[in-house]
Trainee: 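One structure is given below, represented as structure tokens, and several questions about it will come after.
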Amino acid sequence: MKAAIIMGSTSDLVKVEPGIEILKSKGVELKVRCLSAHRASKQLSEFIEEINADGTEVIITAAGMAAALPGVVAAQTVLPVIGVPLSGSVLDGQDALYSIVQMPPGIPVATVAINGSKNAAWLALEIMAVKHPEARDMLLEERQKMQAAAIKANEEVSSKYE
């Protein structure tokens, strides 16, 4: 399984690292880059050409404010692109959310919550699971663990107050 993560600024790394950690822990081969759609557009296009040809299956993009990065990437590939809107401006990420979610027809970007790199990683794994049965099995196992944790938490709360 192979994915790429592109963020627009090194200041975004702290918000993107939780998603990187999930993908790495699940054995995904990752390429991580910091390439601004505005300040490094040529290098961004070169990287997209590279991942279009190297077997990458999904791209996670993370950007704040105008958040052009996800759309610029999606315009240059037919690989699935997941956009992570990041907080950091006076609008606390809402500007980025609206920018990413409002893509023109034919150039879709799947969009997760503001600062939602964890869900971007899980969604990337779900996309790759279409092709990789081991990813599907791992995801089903993770869901069972989540369910068990939720049931345990419920039991702890209910026993405390009953």
Trainee: Any side-chain to backbone donor/acceptor pair from Asn115 onto Gly93? Under 3.5 Å, distance only.
Mentor: no

Trainee: Please determine whether residues Leu69 and Leu97 belong to a single hydrophobic cluster, defined as Ile, Leu, Val, Met, Phe, Trp and Tyr linked transitively by side-chain heavy-atom distances below 4.5 Å.
Mentor: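 Different clusters: Leu69 never reaches Leu97 through Ile, Leu, Val, Met, Phe, Trp or Tyr contacts under 4.5 Å.
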
Trainee: Grab the two heavy atoms, one from Val84 and one from Ser117, that are nearest each other, plus how far apart they are.
Mentor: CG1-N, 3.9 Å

Trainee: Determine the sole option in Glu46, Met7, Gln43 for which the side-chain contact (heavy atoms from CB on, under 4.5 Å) test with Leu35 is passed.
Mentor: Gln43

Trainee: Under the criterion salt bridge (Lys or Arg N to Asp or Glu O under 4.0 Å), I'd like the reasoning laid out for Glu57 against Lys2: C-alpha separation, chi angles, the key distance, then a yes or no.
Mentor: CA-CA 6 Å; Glu57 299 170 79; Lys2 200 169 187 177; over 6 Å; no

Trainee: Residues sharing Val157's hydrophobic cluster, by side-chain heavy-atom contacts under 4.5 Å among ILVMFWY, directly or via others?
Mentor: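 Members alongside Val157: Tyr161.
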
Trainee: Mind listing the closest non-hydrogen atom pair of Ala124 and Leu23 along with its distance?
Mentor: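 Taking Ala124 first and Leu23 second, the nearest heavy atoms are CB-CD2, 4.4 Å.
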
Trainee: Would you say the side chain of Leu79 lies within less than 4.5 Å of the side chain of Val58, judging by non-hydrogen atoms?
Mentor: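 A side-chain contact is absent here, since even the closest heavy-atom pair is not under 4.5 Å.
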
Trainee: Go through it in stages, so that I can follow the logic: the residues are Lys15 and Ser87, the test is side chain to side chain contact (heavy atoms under 4.5 Å, CB included), and I'd like the CA-CA distance, side-chain angles, deciding distance and then a yes or no.
Mentor: CA-CA 9 Å; Lys15 296 172 186 165; Ser87 61; 3.3 Å; yes

Trainee: Would you check if Thr111 and Pro85 make a side-chain contact, meaning some heavy-atom pair closer than 4.5 Å?
Mentor: yes

Trainee: Look at the side chain of Thr77 and the backbone N and O of Ala74, then say whether any donor-acceptor pair between them is shorter than 3.5 Å.
Mentor: no

Trainee: Go through the structure and list residues passing side chain to side chain donor-acceptor pair (under 3.5 Å) with Asp12, not counting sequence neighbours.
Mentor: none

Trainee: Once you round to the nearest 0.5 Å, how far does CD1 of Ile60 lie from CD1 of Ile20?
Mentor: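 Reported to 0.5 Å precision, the distance equals 8.5 Å.
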
Trainee: Do other residues, nucleotides or ligands put more than 12 heavy atoms under 6.0 Å from the CZ atom of Arg33?
Mentor: yes

Trainee: Could you check whether any side-chain N or O of Ser25 sits under 3.5 Å from a backbone N or O of Ile22, counting only pairs where one atom can act as donor and the other as acceptor?
Mentor: yes

Trainee: Provide the closest heavy-atom pair for Ile5 versus Val16 in the form atom of the first, atom of the second, distance.
Mentor: CG2-CG1, 3.6 Å

Trainee: Find out if a path of hydrophobic residues (ILVMFWY) with successive side-chain heavy-atom gaps under 4.5 Å connects Val112 to Leu13.
Mentor: yes

Trainee: So which atom in Met65 and which in Asp95 form the shortest heavy-atom distance, rounded to 0.1 Å?
Mentor: CA-OD2, 3.3 Å

Trainee: Taking C-beta and beyond as the side chain, do Tyr98 and Leu91 meet within less than 4.5 Å on heavy atoms?
Mentor: no

Trainee: Do the side chains of Met128 and Val28 get nearer than 4.5 Å, heavy atoms only?
Mentor: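 Of all side-chain heavy-atom pairs linking Met128 with Val28, at least one is under 4.5 Å.
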
Trainee: Under 3.5 Å, sequence neighbours excluded: what are the donor-acceptor pairs made by side chains of residues 140-153?
Mentor:
{"unit_1": "Glu142", "atom_1": "OE2", "unit_2": "Lys26", "atom_2": "NZ", "d": "2.7"}
{"unit_1": "Arg143", "atom_1": "NH2", "unit_2": "Glu126", "atom_2": "OE2", "d": "2.7"}

Trainee: Do you reckon Val32 sits in the same ILVMFWY cluster as Leu44, going by side-chain contacts under 4.5 Å, direct or chained?
Mentor: no

Trainee: Are the side chains of Leu86 and Ile114 in touch, meaning some heavy atoms are under 4.5 Å apart?
Mentor: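 SC-SC contact between Leu86 and Ile114 ruled out.
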
Trainee: Going by heavy atoms in the side chains, are Pro108 and Met103 under 4.5 Å from each other?
Mentor: no

Trainee: Does Ile51 share a hydrophobic cluster with Met1, counting links as ILVMFWY side-chain heavy atoms below 4.5 Å and allowing steps through other members?
Mentor: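 No, Ile51 and Met1 fall in different hydrophobic clusters.
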
Trainee: Tell me the closest heavy-atom pair linking Ala37 and Val72, and the distance in Å.
Mentor: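 Nearest pair, atom of Ala37 first, then Val72: CB-CG2, 4.1 Å.
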
Trainee: Ignoring hydrogens, what is the shortest heavy-atom contact between Ser99 and Ala67? Give both atom names and the distance.
Mentor: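 Result for this residue pair: OG-O, 3.5 Å.
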
Trainee: Can you hop from Ile127 to Leu139 via hydrophobic side chains spaced under 4.5 Å?
Mentor: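 They do share one cluster, since a chain of ILVMFWY contacts under 4.5 Å joins Ile127 to Leu139.
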
Trainee: Just do the side chain to side chain contact (heavy atoms under 4.5 Å, CB included) check on Thr61 and Val81 with the steps written out, would you?
Mentor: CA-CA 7 Å; Thr61 57; Val81 176; 3.9 Å; yes

Trainee: Between Leu125 and Met138, is any pair of side-chain heavy atoms under 4.5 Å apart?
Mentor: yes

Trainee: Any non-hydrogen side-chain atom of Val109 less than 4.5 Å from a side-chain atom of Val73?
Mentor: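 No, too far: nothing below the 4.5 Å cut-off.
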
Trainee: Decide, yes or no, whether a salt bridge links Glu50 with Lys31 under the criterion of side-chain N to carboxylate O below 4.0 Å.
Mentor: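 Salt bridge flag = yes for Lys31 with Glu50.
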
